[in-house]
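One structure below.
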Amino acid sequence: MLRYVTTNAGKVREAREYLGDGVSQLDFDYTEIQAADLAPIAARGAREAYRHAGEPVLVDDAGLFVRGFDGFPGPYSAFVEDTVGVGAVRRLVAGELDDPRASFRCVLAYCDGEPFDASPDPVDRADRVAAAAAGADPDDEEDGPLPVKLFEGVVRGEIVDPRGDGGFGYDPIFEYEGTTFAEMDPEEKNVVSHRGRALEKFGEWFAER
Ligand code: ITT
């Protein structure tokens with residue numbers, strides 16, 4: 001059984017659309033390190049979740065990147081949603097920027113404790129260096145970083161006044177080709193969304209595995 005690691009039920013709903021019933025939620029709050037990119041956060045989370053669960057895991061780290069703010073809130077999207085809310089992000093963009101462009105990004109990180117070709121870009125280099133500096137043996141499964149495979153999906157759109165009741169998080173203020181994600185049903189959103197695109201890549205690779 002593949003465990004989809006998240007505390008967010010909205011993510012699991014969308015993942016099931018793609019991966020079917022062979023996936024179940026693992027409600028595990030892994031440690032989110034501070035990083036400018038999602039990839040190292042997801043990779044680290046996948047290792048921690050695998051060590052916790054002992055079965056194949058898929059970690060989903062996502063965020064909203066506003067172009068005119070150099071990617072803010074990005075990896076801090078959950079913190080910003082929990083503190084000031086998505087309406088404040090909309091007001092900030094409307095008040096400070098002439099450019100409403102933004103992207104949603106999702107990185108899926110898979111780990112099952114077995115060796116395989118890691119992702120082309122060794123995003124966990126910093127982890128490996130830190131682990132080695134701390135005296136870990138990178139070849140020791142218990143000690144060093146486990147192999148992780150990453151799949152990324154991106155969708156570009158614009159920040160708008162909130163519309164729609166569906167989805168979750170920033171969906172009401174993210175418009176894609178005239179429709180906000182909150183105005184789409186889950187199937188429609190999955191076809192174009194950051195998560196749908198990452199899930200598609202993962203699904204193809206996992207079917208081969
Ligand atoms: P987990 O870490 O437990 O998976 P989370 O909701 O905290 O749950 P993230 O750390 O990936 O997830 O935070 C991403 C933030 O971006 C959070 O505020 C989400 O609500 C939001 N988000 C992620 N995917 C989204 C999507 O498809 N549509 C709208 N908002 C999304």
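Starting from 1, each residue takes its place in the sequence as its number. Counting starts at 1 for both ligands and their atoms, in listed order. Since this is a predicted model, take the numbers as computed values, not measurements.
- Remark: the Y50 side chain and the D112 side chain contain no N/O donor-acceptor pair separated by less than 3.5 Å.
- Atom NZ of K11 is separated from atom CG of L108 by 9.0 Å, given to the nearest 0.5 angstrom.
- Side-chain N/O atoms of T6 and Q25 include no donor and acceptor closer than 3.5 Å.
- Hydrophobic clustering of Ile, Leu, Val, Met, Phe, Trp and Tyr side chains at less than 4.5 Å, counting indirect connections, keeps L38 apart from V66.
- At a 4.0 Å heavy-atom cut-off, the residues surrounding ligand 1 are T6, T7, N8, K11, E32, D60, D61, A62, S77, A78, E81, F104, F168, G169, Y170, D171, K189, H194, R195, listed by chain and number.
- No option in K201, E208, E200 other than E200 meets the side-chain contact (heavy atoms from CB on, under 4.5 Å) test with E204.
- For E152, the salt bridge (charged side-chain N to carboxylate O under 4.0 Å, His left out) criterion is met by R105, not counting sequence neighbours.
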